[in-house]
Asker: 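Please read through the structure below; I'll follow up with questions.
All values reported here derive from a predicted model rather than from experimental measurement. Keep in mind that the numbers below use all heavy atoms, side chains included, and drop hydrogens, waters and symmetry copies. Throughout, a chain's letter reflects where its sequence line sits, starting with A, and its residues are numbered from 1.
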Number of protein chains: 2
Amino acid sequence: MSDTYLRLDRQICFSLNAASRAFGSVYRVLLKDLGLTYPQYLVMLVLWEDGELPVKRLGERLRLDSGTLSPLLKRLEANGLVRRERSARDERSVNVALTEEGAALKERAAEVPRRIAAATGFDLAEIDDLRARLNQLTEALDAAALLQDA
Amino acid sequence: MSDTYLRLDRQICFSLNAASRAFGSVYRVLLKDLGLTYPQYLVMLVLWEDGELPVKRLGERLRLDSGTLSPLLKRLEANGLVRRERSARDERSVNVALTEEGAALKERAAEVPRRIAAATGFDLAEIDDLRARLNQLTEALDAAALLQDA
DNA sequence: CACAATTCAGTTGTGCACAACTCAATCGCG
DNA sequence: CGCGATTGAGTTGTGCACAACTGAATTGTG
């Protein structure tokens, strides 16, 4: 096999990783005012959209496990943005809900997506297209990961 | 502004982040045999391609700073894959070079890109196109990040 | 009902990303 | 030359990602 395929600039994963971190830098600045990190912002997005939900379901929506979410949620709770309480009907489960303060933060977050979109320099159609491709990619990779396990 | 833009499934950054982590899972399995993590693999790619180079330049190619690279390189050195030595002509600079073992690993890494490409389910043209768009995105975000600083 | 298997959240340990910082080497300007 | 500014690597501290694990609650099966 030619070395071509080992060239850094041919690795899609590198471009992906670089783009993801470049987003991180832009978000970091925008979210600083809100007192959120980027992963915390993603959690808040789900809560603003769905309202109260168990940790398990939050993890499904964000593709994150309890090892990542438990400490993150603890920090959000310490900052007064969410409440966590054991479910009455299933004591294994913990429901995560917005506090007043957490719900109120939605107002101030409202302009973040627009500013991010502006930073990309892409129009809405381009963003939609790229998003669709990335979702397709993720799906394929997940399927491949499952095969690896077997 | 409508809530639409705060929906998780509208956030390009989330798709990007998810795809990046999905890649991580697939790489993790493939690279386990080589004893590399994914960021370590990226460093090795650069070294296989460029040969010896200073930490500074490595960081430029990978968009990583010394805070990330220093401990990572220390681990690669501990695993016998690279050597680090202060430059004679500029004592501030540290050159990173492959050991015999590190150079030899290239052979075994040769099939990784093909297996990754297969896992994506994309053909080469699709990958090239996606890569180009992501690079464009990164460039735009970097430019926006610079504006933020000012 | 009993009890093994499963589910859920949380903990521990490792590694990466990045900001903020230190410290030594080098550069550049007067 | 002398000295302040800059550069390069490294350290420290915080937070995220994830594997592997624990322990308690629940479920399913005989």
Side-chain angles (χ1 to χ4, degrees), chain A residues 13-14 17-29 31-32 35-43 53-60 62-79 82 84-96 142 145 148-149, chain B residues 13-14 17-29 31-32 35-43 53-60 62-79 82 84-96 142 145 148-149:
Chain A
C13 57
F14 174 69
N17 192 29
S20 186
R21 285 188 288 121
F23 257 123
S25 299
V26 177
Y27 271 108
R28 210 181 323 281
V29 177
L31 295 176
K32 198 172 183 181
L36 293 174
T37 66
Y38 170 59
Q40 287 167 10
Y41 169 71
L42 292 180
V43 167
L53 82 178
V55 172
K56 169 76 178 187
R57 221 195 272 282
L58 196 52
E60 285 166 1
L62 296 172
R63 327 179 103 257
L64 292 171
D65 66 12
S66 66
T68 299
L69 286 175
S70 288
L72 188 158
L73 291 170
K74 208 182 276 185
R75 283 186 285 270
L76 284 179
E77 189 172 45
N79 293 341
V82 307
R84 289 187 303 158
E85 38 204 26
R86 291 261 158 208
S87 163
R89 73 175 54 183
D90 184 343
E91 294 275 338
R92 291 170 305 181
S93 180
V94 169
N95 287 318
V96 183
D142 280 350
Q148 283 178 336
D149 290 343
Chain B
C13 57
F14 174 69
N17 191 30
S20 185
R21 287 189 285 121
F23 257 122
S25 299
V26 177
Y27 271 107
R28 208 181 323 281
V29 176
L31 295 176
K32 197 172 184 179
L36 294 174
T37 65
Y38 168 60
Q40 288 167 10
Y41 169 72
L42 292 181
V43 167
L53 82 178
V55 173
K56 170 76 178 188
R57 223 194 271 284
L58 196 51
E60 286 166 1
L62 296 171
R63 324 179 109 258
L64 292 172
D65 66 12
S66 66
T68 300
L69 286 175
S70 288
L72 188 157
L73 291 169
K74 208 182 276 186
R75 282 186 286 271
L76 283 179
E77 189 173 46
N79 293 341
V82 308
R84 289 187 302 158
E85 36 204 27
R86 292 261 158 208
S87 163
R89 74 175 53 182
D90 185 345
E91 293 274 339
R92 291 169 305 179
S93 181
V94 169
N95 286 319
V96 183
D142 281 349
Q148 284 178 336
D149 289 344

Asker: Let me know, please, whether B:A22 or B:K74 comes out on the 5' side of the other along DNA chain D by nearest nucleotide.
Answerer: B:K74
Asker: As a test of reading the structure: which of D:dA17, C:dC18, C:dA9 is closest to the side chain of A:V55, going by heavy atoms?
Answerer: C:dA9
Asker: Hey, is the side chain of A:R84 poking within less than 4.0 Å of OP1 or OP2 on C:dG10, counting only N and O atoms?
Answerer: yes
Asker: Applying a 4.0 Å non-hydrogen cut-off, can you work out what A:R89 is touching in the nucleic acid: base, sugar-phosphate, or nothing?
Answerer: sugar-phosphate
Asker: Working to the nearest 0.5 angstrom, can you tell me the gap between A:L72 CG and A:T37 OG1?
Answerer: 5.5 Å
Asker: Please report the interatomic distance CG(B:N17) to CG(A:L64), rounded to the nearest 0.5 Å.
Answerer: 8.0 Å
Asker: Check every atom of D:dG8, C:dC18, D:dA17 against the side chain of B:K56 and return the nucleotide holding the closest atom.
Answerer: D:dG8
Asker: On DNA chain D, check which nucleotide each of A:A88 and B:K32 is closest to and give me the residue with the more 5' one.
Answerer: B:K32
Asker: For the side chain of B:N17, starting at C-beta, report the closest nucleotide among D:dA17, C:dG10, C:dG15.
Answerer: D:dA17
Asker: B:Y27 has an atom OH; how far is it from atom P of D:dA17, in whole Å?
Answerer: 20 Å
Asker: Using every non-hydrogen atom in the two residues, find where A:L36 and A:Y41 come nearest and quote the distance to one decimal.
Answerer: CD1-CA, 4.1 Å
Asker: Please pick, from C:dG15, D:dG15, D:dA9, the nucleotide with the shortest atom-to-atom distance to any side-chain atom of B:S70.
Answerer: D:dA9
Asker: To the nearest Å, how far apart are B:D65 CG and C:dC21 C1'?
Answerer: 12 Å
Asker: Between A:R86 (CZ) and D:dG23 (P), how many Å, whole number?
Answerer: 15 Å
Asker: To the nearest Å, give me how far apart CG (B:L72) and P (D:dA17) are.
Answerer: 18 Å
Asker: Looking at CG of A:L73 and CG of A:L58, how far apart are the two atoms once the value is rounded to the nearest 0.5 Å?
Answerer: 6.0 Å
Asker: Which value, rounded to the nearest 0.5 Å, describes the distance between A:N95 atom CG and A:R57 atom CZ?
Answerer: 10.0 Å
Asker: Could one point to a donor on the side chain of A:T37 or the base of D:dG15 with an acceptor on the other under 3.5 Å away?
Answerer: no
Asker: Phosphate oxygens OP1/OP2 of D:dA25: is one of them under 4.0 Å from a side-chain N or O of A:S93?
Answerer: no
Asker: Could you state the CG-P distance from B:L62 to C:dC18, rounded to the nearest angstrom?
Answerer: 12 Å
Asker: Could one point to a donor on the side chain of A:S66 or the base of C:dG10 with an acceptor on the other under 3.5 Å away?
Answerer: yes
Asker: So if I take every side-chain heavy atom of A:V94 and compare against D:dA25, D:dC18, C:dG10, which nucleotide ends up nearest?
Answerer: C:dG10
Asker: OP1 or OP2 of D:dG23 versus the side-chain N and O atoms of A:R92: is any pair under 4.0 Å?
Answerer: no
Asker: Let me confirm one number: the CZ-CG distance from B:R21 to A:L62, rounded to the nearest 0.5 Å.
Answerer: 8.0 Å
Asker: Rounded to the Å, how far apart are A:L73 CG and C:dC8 C1'?
Answerer: 14 Å
Asker: To the nearest Å, give me how far apart CG (B:D90) and C1' (C:dA24) are.
Answerer: 11 Å
Asker: Rounded off to whole Å, could you give me the CG-to-C1' distance for the B:L69 and C:dG15 pair?
Answerer: 13 Å
Asker: Does B:P39 or A:P54 map to a spot on DNA chain C nearer the 5' end, using the closest nucleotide for each?
Answerer: A:P54
